[in-house]
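Working notes, beginning with the structure itself.
Chain identifiers are assigned alphabetically (A, B, ...) following the order of the sequence lines, protein sequences preceding nucleic acid strands; residue numbering begins at 1 within each chain. Note that the structure is predicted; figures quoted are calculated from it, not measured.
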There are 2 protein chains.
Amino acid sequence: MVENFNEMNLQTLVYLAKCLADENRLRILFCVSKEKKSVSTIVEELQLSQPLISHHLKELKRSLLVTVERSGPFVYYELSDERILSILGKLNELGDDLLKARVSF
Amino acid sequence: MVENFNEMNLQTLVYLAKCLADENRLRILFCVSKEKKSVSTIVEELQLSQPLISHHLKELKRSLLVTVERSGPFVYYELSDERILSILGKLNELGDDLLKARVSF
DNA sequence: TCAGTATATAAATGTATATTTATATATCTA
DNA sequence: TAGATATATAAATATACATTTATATACTGA
């Protein structure tokens, strides 16, 4: 993995970060992270409107963060890559530490 | 590091991801990642207007991604934590792989 | 204290995007 | 094929945010 910005695709980074920068999309990602779930299941679990869920799923699909699979009338979504969780975990840890360091002065 | 969303602070994640979801802010982060730099240096290197740089630096400071230090008339900004680069590196790598997997069918 | 430089802030503008509401499409079953 | 359910899309609205322009504040040296 490179950490040299010359080798990083800024547009890709921005695109992915934007997709992760919404609380409802994060909730959806976590919701489908252990197993694939139908839209209606996600709607029920997250208590958000069906069009809103569909809209966010479309964004997540466009950014390739989830995969889609139709089975009969149901459409199942699932996290596309485990690393997404690990990256979010690291970002969360960083945020914690930054806040901790901050309140100490 | 936890990858269990129950232990993650969604608000913090959203806040940090938003801050990373702008190309100019990413360029600033990389610009100050090796050494602290004054605002005018950043302006010159990135070829953006001074008020725009100041605005983004304010956001980066609010999100604790950079630290600030004044010295005389100059204000120096620097990346606050090396892990920011490593997280961006991993996100970049993920994006690459997702795209690769995508074009293969 | 005044002039010049460095940086920050405010106001104005344009654009992107989250959400809601309404409707369309797709699939299954009777 | 008609009706019911599952999902997607479109239009409308509201809000957030990036950028520009103009101006204010902070510091330094004469």
Side-chain angles (χ1 to χ4, degrees), chain A residues 10-32 35-80 88, chain B residues 10-32 35-80 88:
Chain A
L10 290 194
Q11 318 244 359
T12 300
L13 277 178
V14 167
Y15 197 74
L16 288 177
K18 261 187 196 164
C19 211
L20 298 175
D22 180 275
E23 183 165 347
N24 285 332
R25 278 196 294 269
L26 286 182
R27 292 175 68 210
I28 293 174
L29 280 180
F30 289 125
C31 181
V32 301
E35 52 190 346
K36 63 184 173 191
K37 287 182 185 161
S38 67
V39 176
S40 43
T41 302
I42 301 170
V43 166
E44 191 181 358
E45 290 192 7
L46 299 189
Q47 297 274 67
L48 294 171
S49 75
Q50 180 267 316
L52 184 55
I53 294 284
S54 274
H55 169 254
H56 284 310
L57 283 170
K58 189 179 183 180
E59 284 303 302
L60 289 168
K61 189 177 83 181
R62 283 206 338 146
S63 64
L64 306 177
L65 293 176
V66 298
T67 57
V68 196
E69 183 184 334
R70 178 178 274 270
S71 173
F74 299 98
V75 179
Y76 292 94
Y77 288 86
E78 186 174 20
L79 194 72
S80 65
L88 288 172
Chain B
L10 289 193
Q11 319 243 358
T12 300
L13 277 177
V14 167
Y15 196 74
L16 288 177
K18 261 188 196 162
C19 212
L20 298 175
D22 180 275
E23 183 165 348
N24 285 331
R25 278 196 294 269
L26 286 182
R27 292 175 68 211
I28 294 174
L29 280 180
F30 289 125
C31 179
V32 302
E35 53 189 345
K36 63 184 171 189
K37 286 182 186 162
S38 67
V39 176
S40 43
T41 300
I42 301 169
V43 166
E44 192 181 358
E45 292 191 7
L46 299 189
Q47 297 275 65
L48 294 172
S49 74
Q50 179 267 315
L52 183 56
I53 293 284
S54 273
H55 169 253
H56 284 311
L57 284 170
K58 189 180 183 179
E59 285 303 301
L60 290 167
K61 188 177 84 180
R62 282 206 340 146
S63 63
L64 305 177
L65 293 176
V66 298
T67 55
V68 197
E69 184 185 331
R70 177 177 274 269
S71 173
F74 299 99
V75 179
Y76 293 93
Y77 288 85
E78 187 174 19
L79 193 72
S80 65
L88 289 173

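- Shown here are the side chain to side chain donor-acceptor pair (under 3.5 Å) partners of A:T67, two or more places apart in sequence or in another chain: there are none.
- If you take NZ of A:K18 and C1' of C:dA18, they are 14 Å apart, rounded to a whole angstrom.
- Atom CD of B:Q11 sits in a sparse spot, with 12 or fewer heavy atoms from other residues, nucleotides or ligands closer than 6.0 Å.
- Listed nucleotides: C:dT7, C:dT19, C:dC28. Nearest to the side chain of B:S38: C:dT7.
- Of the two residues contacting DNA chain C, namely A:P51 and A:D22, the nearest-nucleotide position lying further toward the 5' end is that of A:D22.
- Base engagement by B:S54 is indicated by at least one non-hydrogen atom pair under 4.0 Å involving a base atom.
- Note: CD (A:E23) to P (C:dA18) measures 13 Å, nearest angstrom.
- Map B:V39 and A:S71 each onto its nearest nucleotide of DNA chain C; the residue landing nearer the 5' end is B:V39.
- In terms of phosphate contacts, B:R70 brings no side-chain nitrogen or oxygen within less than 4.0 Å of OP1 or OP2 of C:dA6.
- The local environment of CD in A:E45 is crowded, with over 12 non-hydrogen atoms from other residues, nucleotides or ligands closer than 6.0 Å.
- Nucleotide C:dC28 holds its C1' atom 10 Å from the CZ atom of A:F74, rounded to whole Å.
- Close approach of DNA chain D to chain B, defined as any atom under 4.0 Å from a non-hydrogen atom of the protein, starts and stops at D:dC17 to D:dT28.
- Going from atom CZ of A:R25 over to atom P of C:dA16 covers 15 Å, rounded to whole Å.
- If you take CD of A:Q50 and C1' of C:dT25, they are 12 Å apart, rounded to a whole angstrom.
- A heavy-atom distance below 4.5 Å is not found between the side chains of B:V68 and B:L57.
- Here B:H56 lies in heavy-atom contact (under 4.0 Å) with sugar-phosphate atoms only.
- In this entry the distance linking NZ of B:K36 with P of C:dT7 reads 14 Å, nearest Å.
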Item to complete: Decide side-chain contact (heavy atoms from CB on, under 4.5 Å) for B:L46 and B:I28; before the verdict, give the C-alpha distance in whole Å, the side-chain angles of both, and the deciding distance to 0.1 Å.
Response: CA-CA 8 Å; B:L46 299 189; B:I28 294 174; 3.5 Å; yes
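- Note: CG (A:L52) to C1' (C:dA18) measures 7 Å, nearest angstrom.
- Residue-level contact check: A:Y77 touches the backbone only, with heavy atoms under 4.0 Å from sugar-phosphate atoms and none from bases.
- In this structure, B:R25 contributes its side chain and B:R27 its backbone to no donor-acceptor pair below 3.5 Å.
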Discussion item. Between A:L20 and B:L13, does the side-chain contact (heavy atoms from CB on, under 4.5 Å) criterion hold? Intermediate values first, please.
Written reply: CA-CA 8 Å; A:L20 298 175; B:L13 277 177; over 6 Å; no
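- Per the geometry, CG belonging to A:L26 stands 12 Å off P belonging to C:dA18, to the nearest Å.
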